[in-house]
Amino acid sequence: MGIDWDETEVLEGEPGDFITYARKVKDSKNWFVGRTNDETARTSKSNFGFLPEGKHYTAFIDSDNKNAHCKTNPQSYEIRKYVMASKSKLSQFCAPDVVYAISLFEVKDKSETKELKKVVSFSINGS
């Protein structure tokens with residue numbers, strides 16, 4: 001049984017090379033962003049304007065480090081946690097032949113995020 005989506009947004013892509021997309025879980029306010037990448041390392045640039053204006057989301061970003069590779073170093077990744085909104089922008093390193101994923105959960109109580117960095121625009125280049 002698969003997950004149903006209310007909405008799907010393509011954030012960036014080039015057929016045969018890479019795609020970054022956002023999907024809203026059916027009957028939910030939560031979103032998931034995914035990126036697939038071919039054998040070329042590149043930087044993904046995404047705008048989060050698909051999120052409802054005025055709402056904040058806790059973002060869990062599961063991404064690769066600069067030395068990641070699907071065959072030679074598949075476990076070189078990091079999980080980061082931020083607060084994001086519709087004006088947030090992300091510049092994210094993408095290693096060859098690997099993916100990144102972002103889980104976005106609507107913030108219901110601001111006390112959940114008081115320790116987190118609020119992101120308007122940021123870059124993750126890998127560690």
Task: Non-hydrogen atoms of Thr20 and Ser46 that approach each other most closely - done: CG2-OG, 3.6 Å
Open item on the list: Would Trp31 and Glu9 count as a side-chain contact (heavy atoms from CB on, under 4.5 Å) here? Give the steps.
Closed with: CA-CA 10 Å; Trp31 286 82; Glu9 300 277 338; 4.3 Å; yes
TODO: Answer yes or no: is there a side-chain heavy-atom contact under 4.5 Å between Phe48 and Ser86?
DONE: no
TODO: Check whether any side-chain heavy atom of Phe105 sits under 4.5 Å from a side-chain heavy atom of Ser28, and report yes or no.
DONE: no
TODO: Could you pull out the closest heavy-atom pair between Cys94 and Asn37, with the gap in Å?
DONE: O-ND2, 3.4 Å
Open item on the list: Once rounded to the nearest 0.5 Å, what's the spacing between atom CZ of Arg80 and atom CD1 of Ile102?
Closed with: 11.0 Å
Task: Derivation and outcome, side-chain contact (heavy atoms from CB on, under 4.5 Å), residues Thr40 and Asp17 - done: CA-CA 8 Å; Thr40 303; Asp17 293 332; over 6 Å; no
Open item on the list: Check this for me: does any side-chain nitrogen of one of Lys45 and Glu12 sit under 4.0 Å from a carboxylate oxygen of the other?
Closed with: no
Open item on the list: Just verifying a value: how many Å separate Lys87 NZ and Asn47 CG, rounded to the nearest 0.5 Å?
Closed with: 10.5 Å
TODO: Quick one: pull up NE2 in His56 and CG in Leu51 and give me the separation to the nearest 0.5 Å.
DONE: 10.5 Å
- [ ] Please test Lys26 against Trp5 for side-chain contact (heavy atoms from CB on, under 4.5 Å), starting from the C-alpha separation and ending with a verdict.
- [x] CA-CA 5 Å; Lys26 189 173 184 135; Trp5 308 104; 6.0 Å; no
Task: Rounded distance (nearest 0.5 Å) linking atom CG of Asp6 with atom NZ of Lys29 - done: 11.5 Å
Task: Connected-component partners of Ile19 among ILVMFWY, side-chain separation under 4.5 Å - done: Val10, Tyr21
Task: Between Ser44 and Gln92, a side-chain donor and acceptor under 3.5 Å - done: no
Task: Ala85 to Lys55 - nearest heavy-atom pair and separation - done: CB-O, 3.6 Å
Task: Nearest heavy-atom neighbours spanning Thr43 and Ser91 - done: CG2-OG, 3.2 Å
TODO: Quick one: do Phe50 and Val33 satisfy side-chain contact (heavy atoms from CB on, under 4.5 Å)? Show the steps, please.
DONE: CA-CA 11 Å; Phe50 60 88; Val33 175; 3.9 Å; yes
Task: From Arg35 atom CZ to Tyr100 atom OH, the distance as rounded to the nearest 0.5 Å - done: 6.0 Å
TODO: Please report the shortest heavy-atom distance between Glu106 and Asn30, naming the atom on each side.
DONE: N-OD1, 3.3 Å
